[in-house]
Amino acid sequence: MSVLDAPVGTAPGRAANENLVPVFVRLKLTLLRNGLRQSAGRRAAYIASVVVTLLFAAGQLIGLIALRGYAHTDSLVVLLAAVLAVGWAVMPLFFPSGDETLDPSRLVMLPLRPRPLISALLASSLVGIGPLFTLCLTAGSVFAVAHGAAGAVFAVVAAPLALLVCVALARAVATANTRLLTSRKGRDLAVLSGLVIAVGFQVVNFGAQRLGRAGGLSALDPVTDVVRWLPPASAIGAVDSASRGSYGQASVQLLLSVAALGALLWLWQRSLVKLMTAPDGSTLAAAGPGREKAGKGGSGLAALLPQGRTGTVMERSLRYIARDPKTKAAWTTALAVGLIVPVLNALQGTGSVYFACFAAWMLGIQMYNQFGQDTSAFWMVALTISSTRDAYLELRARALALLLITLPYTIVVTVVTSAVLDDWAALPEVMGLSFALLGGMLATGAVASANFPYSIPQDGAFKNVAPGQAGLAWISIFGGMVSAGLLCAPVVAATIWLHVADHEQWLWLLLPVGAVYGVLISWAGLRVAAPRTADRLPEILAAVSKG
């Protein structure tokens, strides 16, 4: 039986559990102070982050206050509260080590009851830059929509209530996923934050353009009518409702946020009890029936790959994509952004079917620095390369593994973009251009991998180049992309000429021409890169093992 289930038999023990809040707040401040004493660099970084955050929060606060009295301000502040809640919910998943002082697994052996512990952890969670920043935004939001005595009364309650809901949501999510987030696979989630940032940027860009065409914040009203009933945005909506005299609606909205806070605290407590009482994987038997079935030979896609070195290298490359955190993150980001950019631009009426070539460009980048993706394990690959032919087979197999994903994906993106724009006539030429561009990226990627390899560190989610190798990375990627564009110039010139000469009935020929041309230049690029790879194996191994 855990200490959480055991009764506290003495009055001092009961009193200790009831007075945890000041203890945990002092503990948080002490740990923060001691952490800053470790080095001057850490103090400087922390102070700089605090200053930047406070300046940004002050700017947001002043901006929200300035919106007071303008039409549709309520729509903006309600959606802002919803975005804050989403941010608090997902941050623990991408930055699980952001606040190690609140890791509940460190408290397992202490005789603490769940309910006082929840209160203490919630209070200590309010100490930090994030809660202060959120409080500034919620305070500015309620000030922007609060009018009259009733609005002021609701505002005093709504601002801290919205903050508490956000913090409780983050703590509940973090506690429910503590064992996942503290494992290796859980820490790999941080690498995928690049995808969230890339996709989020495109969505924000799309929304901003829609707002600009709509002529103002009035375009947000339909979404706000739904979001204002979802906690914690409902707390901000309650202030606006009370200011307009809808006291019944305001009370219901405020109660929704109160109920959400209670539900989150209850879920947090349940997860905390389960975390501190249930056994984890380290206490269970390592062997199991499922393990006996593992490794009984190739199956699935591996069984369909060709035999010999080609199939082996292709399977290894595909396993990197599926299992290596940084390779998987790069591919996931490329797949998402490669679809979002052409489709979103098509949906808002400002795009062109030629934007579909962006998908081939995004995925073609994955051919660059092929050996750097292997990191120090490349020495095992280097042992199998003893001739130019071995190097050619290695590079060809890696390119084929990339094509297994890239070719169907490029076709899908081109078809979807053409369907959204209803421009089926341009489909063959755009697909031909995409195939030619993909072939150019494969060719220059193979050459760049041989001539400009660099190491990819594994110890940080946002470190993709080892110190001192940034120049190599820039030359490899951007130089290669420029070269790929030049290699595709004949197909681009043919497309322009057919349009200018009014020979549009022959544009369909660009599909087979682009496909054949892409195959030829990728083959030529592999042939050029193979002898360079075989001759430079020691240099490549030293470069990719640097990190």
Side-chain angles (χ1 to χ4, degrees), residues 202 304 306 314 331 334-368 396 398-447 480-528:
Q202 294 299 328
L304 302 177
M314 290 179 67
W331 271 92
L335 290 169
V337 177
L339 177 65
I340 288 173
V341 170
V343 172
L344 282 186
N345 281 278
L347 287 173
Q348 57 191 349
T350 60
S352 167
V353 69
Y354 292 99
F355 278 28
C357 296
F358 187 76
W361 179 76
M362 283 296 297
L363 295 190
I365 294 177
Q366 308 309 313
M367 185 64 188
Y368 291 80
R396 186 187 67 177
R398 291 175 182 246
L400 290 174
L402 186 145
L403 287 173
L404 281 180
I405 302 174
T406 305
L407 274 180
Y409 178 81
T410 301
I411 295 173
V412 168
V413 172
T414 307
V415 171
V416 170
T417 307
S418 301
V420 173
L421 293 172
D422 195 20
D423 190 4
W424 295 104
L427 177 63
E429 59 181 292
V430 174
M431 198 168 292
L433 286 171
S434 297
F435 290 158
L437 177 60
L438 183 58
M441 298 292 285
L442 292 178
T444 57
V447 175
M481 289 190 298
V482 172
S483 301
L486 294 176
L487 288 176
C488 296
V491 180
V492 175
T495 304
I496 297 174
W497 179 78
L498 288 174
H499 279 283
V500 172
D502 200 19
H503 294 317
E504 296 185 358
Q505 69 273 17
W506 299 109
L507 286 172
W508 66 270
L509 288 174
L510 291 174
L511 176 56
V513 168
V516 172
Y517 185 80
V519 171
L520 290 177
I521 59 174
S522 59
W523 172 81
L526 294 175
R527 285 295 183 185
V528 172

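Remember, it's a predicted structure, so these values are computed and weren't measured experimentally. All values below were derived from every heavy atom in this structure, side-chain atoms included, with hydrogens, water molecules and symmetry-related copies excluded.
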Nearest heavy-atom contact between V430 and V353 is CG1-O, 3.4 Å

Distance col, row M441:CE vs M362:CE, nearest 0.5 angstrom, shows 9.5 Å

dist L363:CG -> I405:CD1 (nearest 0.5 Å) comes out at 8.0 Å

V416 and V343 have their tightest heavy-atom pair at CG1-CG2, 3.9 Å

Heavy atoms of F355 and V341 approach each other most closely as CD2-O, 4.5 Å

Within a strict 4.5 Å, meaning less than it, do heavy atoms of the L433 and V491 side chains meet? yes

Heavy-atom closest pair (I521 atom, G440 atom, distance to 0.1 Å) is CD1-N, 3.2 Å

Smallest heavy-atom separation, M314 atom then L404 atom, equals CE-CD1, 3.5 Å

Those residues at least two apart in sequence (or on a different chain) that pass ring-ring contact (aromatic ring centres under 6.0 Å, His included) with W331 are none

Sorted by chain and residue number, the side-chain contact (heavy atoms from CB on, under 4.5 Å) partners of V415 (sequence neighbours excluded) come out as I411, W424, L427, M431

Applied to residues 486-507, the side chain to side chain donor-acceptor pair (under 3.5 Å) test, sequence neighbours excluded, yields Y354-H499, E429-H499

Result block: side-chain N/O donor-acceptor pairs under 3.5 angstrom for residues 511-519, not counting sequence neighbours:
unit_1: Y517; atom_1: OH; unit_2: L487; atom_2: O; d: 2.5

When every non-hydrogen atom of S522 is compared with those of A443, the smallest separation belongs to CA-CB, 4.0 Å

Contacts of V413 meeting side-chain contact (heavy atoms from CB on, under 4.5 Å) (sequence neighbours excluded), chain-then-number -> L339, P342, A356, A359, Y409, T417

Sorted by chain and number, sequence neighbours left out, side chain to side chain donor-acceptor pair (under 3.5 Å) with S434 holds for none

L403 meets the side-chain contact (heavy atoms from CB on, under 4.5 Å) criterion, sequence neighbours left out, with L400, L407, L438, L442

Are any non-hydrogen side-chain atoms of L498 and L510 less than 4.5 angstrom apart? yes

